[in-house]
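This report refers to the structure that appears directly beneath it.
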2 protein chains.
Amino acid sequence: MSDSLAMTIGAETKQSSPAGGASFSPLYQQIKQLLLRALDQGEWKPGESIPSEFELAARFQVSQGTVRKAVDELASENILIRRQGKGTFVSTHHEPHVRFRFLRLAATAGRTPPTKSQVLNCQRVRANAHAAQQLDLRVGESLVFIRRLLTFENVPTVIDDIYLPSFLFKGLTSSLLEAHQAVPLYGLFETEFGVSMVRAEEQIRAVAASSEVAELLAIKVESPLLRVDRTSYTYVDRPVELRVGHYLTDQYYYRNSLI
Amino acid sequence: MSDSLAMTIGAETKQSSPAGGASFSPLYQQIKQLLLRALDQGEWKPGESIPSEFELAARFQVSQGTVRKAVDELASENILIRRQGKGTFVSTHHEPHVRFRFLRLAATAGRTPPTKSQVLNCQRVRANAHAAQQLDLRVGESLVFIRRLLTFENVPTVIDDIYLPSFLFKGLTSSLLEAHQAVPLYGLFETEFGVSMVRAEEQIRAVAASSEVAELLAIKVESPLLRVDRTSYTYVDRPVELRVGHYLTDQYYYRNSLI
DNA sequence: TAGTGGTCTAGACCACGGA
DNA sequence: CCGTGGTCTAGACCACTAG
């Protein structure tokens, strides 16, 4: 197959704003979408480098400057990482910098504490209406359910309840999770299942600890906790994870920047 | 005065990485800093347009492409807004879009509810150690303290305690705030005091309502609340506001995107 | 029609990293 | 040394807005 876009654009540029539709998009946006599709299909794996700007320009039959603009956007979204003199690399959750973006509890001055992770549960469940809607599945489809406890400096701090479409995570079991206890969960999803989380939306509330969660965190029932509802998305904006976290914020806080 | 940078660069480019210092910065970054300084000095007010890219290029003696890259960055930080065919404008908190970025409580699907704001208190206080450190002042310096209540759809939802350096907000009184009840607070700061908030850092925790806050929000003592500690910054990254918010999140939630 | 930002190209040169 | 990304320039053309 040829990835050339020259024809497409040549034709598209000439029909300025067709009467019915609003379908035009600039060349660099089309390149960006092609790169995202290639990433989604695993053409370049997290941690690897992608071809040089000139190679991509030749492949897509556009100028290097146009590729550059597409890559610029992907780099600003933290999907690619440029390294001068070395190349452009696919982001990976195995790097602390990336993990930091998805684990927002900090103690002071942005320092994220060393973490211990324990899997408390891992089983198949059926999607309820909410999960099905969020994950773009049908009610009753099979999900992997994981409950885990994060401990910071010997203080049980986070309970995460995680829901994943089973068909994307075949073979995900307690023992697999335990075998990879050291790597971040999203790192494991990347390398074991080819699923890369690049974006998430969160809803944050203050709630009173249920007896169940209180027991797991070794706190009093009704203690105030942060409840964080997260939906995570991959390269092509497919939702692939639902997560409900309960955070104890006595010693840590959720950090956020408004820009 | 001449804003030309040609000399600076010509000289700077030649001395590649001087032994002692790490002082080099690209032309477009220097242009960006000049633009930020001009904004800080009020050369162009929020809502106004800045000169065209070619005018700025002539003023700074660089190419239009270099100005474009500087403006691109400022636009990506939501400090400037480009409007094709019209020009580039200075962001203002009077636009709902900007306000939305700093008021993160939403009900469903990102809709922010209509808000009523009531000022409960406005007086001068002295900076304690924490406030002085955060606002880059000396302990004991005068601050304006504002306490206000936000009501969403007749539900008291937010108590904000706000601290501002008095010397930047001369003449800020209860009656002034009441006279401008309709405009967002940051909009008032912009137009009345020339202080534009462009960025903020927040720390979020779950806490139990104190009796004082519980009474103001008409809820039970010890109810779980979001506590949001915010420090806000202006164009040149000066901290100018400290804010402690207590949010009732029974019907609303704090929305956030991880990217 | 004129002026603005938006896209695309081509080419020169610099800075960095590694062989 | 070469290949990578990073910067800067110049110029052509398109799309949108307003008079």
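Each chain gets a letter, A, B and so on, in the order the sequences are listed, and its residues count up from 1. Hydrogens, waters and symmetry mates play no part in the numbers below; they use all other heavy atoms, side chains included. All figures in this text were calculated on a predicted structure; none of them were measured in a lab.
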Give B:Y28 one of three labels, base, sugar-phosphate or nothing, depending on what nucleic acid heavy atoms sit under 4.0 Å from its own.
sugar-phosphate
>> Using a 4.0 Å heavy-atom cut-off, does A:Q64 contact any base of the nucleic acid, only the sugar-phosphate backbone, or nothing at all?
In response: nothing
Side-chain atoms of A:S52 come closest, of C:dC8, D:dC8, D:dG5, to D:dG5
In whole angstroms, the gap separating C1' of C:dG5 from CG of B:L80 amounts to 13 Å
Separation of C:dG6 atom C1' from A:L27 atom CG, nearest Å, is 13 Å
Problem - Check: B:Q30 side chain, B:S25 main-chain N or O, donor-acceptor pair, under 3.5 Å - result: yes
Open item on the list: Under 4.0 Å from OP1 or OP2 of C:dT9: is there any side-chain N or O of A:T66 that close?
Closed with: yes
Test the B:R255-B:F100 pair against the cation-pi criterion, namely NZ or CZ under 6.0 angstrom from the six-membered ring centroid and within 45° of the ring axis. yes
When rounded to whole Å, the CD1 to C1' distance for the pair B:I81 and C:dG6 reads 17 Å
Check: Does the side chain of A:N256 come under 3.5 Å of the side chain of B:Y254 through a donor N or O and an acceptor N or O?
Finding: yes
Hey, is the side chain of B:R82 poking within less than 4.0 Å of OP1 or OP2 on C:dT4, counting only N and O atoms? no
From CG of B:L56 across to C1' of C:dG3 the rounded distance in Å is 15 Å
By the Watson-Crick or G-U definition, both distances under 3.5 Å, C:dG11 is matched with D:dC8
Side-chain atoms of B:E53 come closest, of C:dG6, D:dT9, C:dC8, to C:dG6
From CD1 of A:I31 across to P of C:dT7 the rounded distance in Å is 14 Å
Practice item. State whether B:R83 places a side-chain N or O below 4.0 Å from either non-bridging phosphate oxygen (OP1 or OP2) of C:dT4. Key: no
- prompt: Would the number of heavy atoms belonging to other residues, nucleotides or ligands and lying under 6.0 Å from CZ of B:R37 be above 12?
  reply: no
With the side chain defined as heavy atoms from C-beta on, A:Q84 is closest, among C:dT9, C:dA15, D:dT7, to C:dA15
Looking only at D:dG5, C:dG5, D:dC8, the nucleotide nearest the B:T88 side chain is C:dG5
Practice problem: Would you please indicate if the ring centroids of B:H93 and B:F102 are separated by under 6.0 Å? | Solution: yes
In whole angstroms, the gap separating P of C:dA10 from CD of A:Q61 amounts to 11 Å
From CG of B:D72 across to C1' of C:dG6 the rounded distance in Å is 10 Å
From CZ of A:R68 across to C1' of C:dT7 the rounded distance in Å is 16 Å
Whichever of A:Q29 and A:K86 has the more 5' nearest nucleotide on DNA chain C, that residue is A:Q29
